[in-house]
S.K.: 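Handing you a structure now.
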Amino acid sequence: MIVVVNEQRVQVDEQTTVAGLLASLGFPDRGIAVALDDSVLPRSGWATRLSEGARLEVVTAVQGG
């Protein structure tokens with residue numbers, strides 16, 4: 001099935017969770033925020049299984065001034 005991550009189409013299997021997808025795409029374990037279908041998804045929700053057409057926005061924290 002196809003999901004969209006930061007405006008990029010990604011093919012995943014039907015058992016893929018948010019956490020699994022993030023790991024497979026090389027996102028770090030910490031310092032990121034995730035929105036699923038326009039709603040912020042707390043880390044406790046990263047075990048959520050994705051569905052066809054799901055849209056994720058992943059933002060990485062950046063230090064600096």
Side-chain angles (χ1 to χ4, degrees):
M1 71 181 170
I2 301 294
V3 299
V4 178
V5 180
N6 293 351
E7 304 300 321
Q8 299 293 318
R9 294 167 51 96
V10 178
Q11 185 165 350
V12 299
D13 68 44
E14 294 177 2
Q15 303 301 316
T16 302
T17 63
V18 172
L21 176 62
L22 294 173
S24 72
L25 294 176
F27 284 101
D29 291 336
R30 300 196 175 270
I32 62 173
V34 178
L36 175 60
D37 296 326
D38 298 321
S39 296
V40 174
L41 187 65
R43 186 174 295 272
S44 62
W46 288 12
T48 301
R49 230 183 257 164
L50 296 168
S51 59
E52 176 73 35
R55 300 184 65 83
L56 288 94
E57 288 294 325
V58 183
V59 179
T60 305
V62 177
Q63 290 182 319

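Just so you know, these numbers come straight off a predicted model, no measurement behind them.
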S.K.: Does anything in residues 21-36 form a side-chain hydrogen bond (donor to acceptor under 3.5 Å, both in side chains)? List the pairs, not counting sequence neighbours.
M.R.: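 Counting only pairs at least two positions apart or across chains, no side-chain hydrogen bond (donor to acceptor under 3.5 Å, both in side chains) contact touches residues 21-36.
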
S.K.: Linking Ile, Leu, Val, Met, Phe, Trp and Tyr through side-chain heavy atoms less than 4.5 Å apart, which residues share a cluster with Val59?
M.R.: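 Noted: Val59 shares its cluster with no other residue.
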
S.K.: Connecting only ILVMFWY residues whose side-chain heavy atoms lie within less than 4.5 Å of each other, what is the rest of Val40's hydrophobic cluster?
M.R.: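 ILVMFWY cluster around Val40 holds nothing else.
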
S.K.: Can you name the residues that form a side chain to side chain donor-acceptor pair (under 3.5 Å) with Asp13, not counting sequence neighbours?
M.R.: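 Residues passing side chain to side chain donor-acceptor pair (under 3.5 Å) with Asp13: Thr16.
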
S.K.: Output all residues satisfying salt bridge (Lys or Arg N to Asp or Glu O under 4.0 Å) with Arg49, sequence neighbours left out; order by chain, then residue number.
M.R.: none

S.K.: Who are the side chain to side chain donor-acceptor pair (under 3.5 Å) partners of Glu14, not counting sequence neighbours?
M.R.: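 Here no residue qualifies.
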
S.K.: Apply the hydrophobic cluster definition, ILVMFWY joined by side-chain contacts under 4.5 Å directly or through others, and give me every member besides Val10.
M.R.: Met1, Val3, Val5, Val12, Val18, Leu21, Leu22, Leu25, Phe27, Ile32, Val34, Leu36, Leu41, Trp46, Leu50, Leu56, Val58

S.K.: What residues, two or more places apart in sequence or in another chain, satisfy side-chain contact (heavy atoms from CB on, under 4.5 Å) together with Glu7?
M.R.: Arg55, Glu57

